[in-house]
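Everything below concerns the one structure shown next.
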Amino acid sequence: MKKIVSRVLYSFPIGISCSVGISLFLSLLFGEGKYYPFAASLVFFTGSEVKAMLLQTMLSGILGSVFGGMSFIWEIERWSILKQTAVYFLSVSIPMMGISYLLYWMEHSLNGFLLYFLIFVMVFFVVWLFNFAIYWFKVRRINEELDLEKK
């Protein structure tokens with residue numbers, strides 16, 4: 001439990017950093033020289049830029065905490081990789097979609113939701129494949145070293 005709480009606390013500022021990094025990246029791509037730290041609709045929803053930034057900062061931190069806190073799922077060795085992936089995906093996608101909707105990171109329509117969800121699934125899959133490949137190569141190297149010790 002102590003490990004999970006530590007990950008939750010550690011991941012809060014990481015979530016905020018990711019949010020700022022994404023807003024910088026998107027501003028570079030689409031901002032035409034201007035910085036857009038949050039969706040314009042969020043200002044209308046909250047009533048001010050300060051409140052919009054505060055809400056986005058807090059919810060981005062919470063989202064980071066969810067991702068970090070749920071990472072313990074990958075350490076449950078008695079679960080298959082399929083079960084770990086499914087539980088982790090469901091555990092992070094529900095808060096991700098809810099927070100994304102609240103912060104206007106997606107268009108507030110069925111098409112906007114589905115497009116955002118599709119992008120989330122694709123990013124999740126790419127990150128999952130990358131991590132799977134890293135651990136596959138690590139396990140392979142360990143097995144090769146064990147085979148060498150047997151000889």
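By convention here, the first residue in the shown sequence is residue 1.
Between the side chain of S19 and the main chain of G15, no donor-acceptor pair closer than 3.5 Å is present. Of the possible polar contacts, one joining the Y88 side chain to the F67 backbone as a donor-acceptor pair under 3.5 Å is found. Between the side chain of S60 and the main chain of I16, no donor-acceptor pair closer than 3.5 Å is present. Side chain of S11 to main chain of S65: no donor-acceptor pair is present (N/O by atom type, distance under 3.5 Å, no hydrogens or angles). Q56 places no side-chain N or O within 3.5 Å of a backbone atom of K51 that could act as its donor or acceptor partner. Between the side chain of S23 and the backbone N or O of V20 there is at least one donor-acceptor pair closer than 3.5 Å.
Between W105 and I22, every side-chain heavy-atom pair lies at or beyond the 4.5 Å cut-off. At least one side-chain heavy atom of F38 sits under 4.5 Å from a side-chain heavy atom of V43. Between L118 and L114, the closest side-chain pair of non-hydrogen atoms is not below 4.5 Å. When side chains are defined from C-beta on, F25 counts as touching L29, because their heavy atoms get closer than 4.5 Å. F120 has its side chain within reach of V92: a pair of non-hydrogen atoms, C-beta onward, lies under 4.5 Å apart.
Partner of F124 under the side-chain contact (heavy atoms from CB on, under 4.5 Å) criterion, chosen from I119, T85, L129: T85.
A ring-centre distance under 6.0 Å is not found for Y101 and F113.
For E107, the side chain to side chain contact (heavy atoms under 4.5 Å, CB included) test picks out S109, with sequence neighbours left out. Every ring-ring contact (aromatic ring centres under 6.0 Å, His included) that F132 has, sequence neighbours left out, goes to W128. Taking K3 as the reference, E75 meet the salt bridge (charged side-chain N to carboxylate O under 4.0 Å, His left out) condition, with sequence neighbours excluded.
Nearest heavy atom pair, residue L103 against residue A39, reads O-CB, 3.9 Å. Between G69 and F72, the closest heavy-atom pair is O-CD2, 3.1 Å.
Applying the 6.0 Å contact sphere to OH of Y35 captures more than 12 heavy atoms from other residues, nucleotides or ligands.
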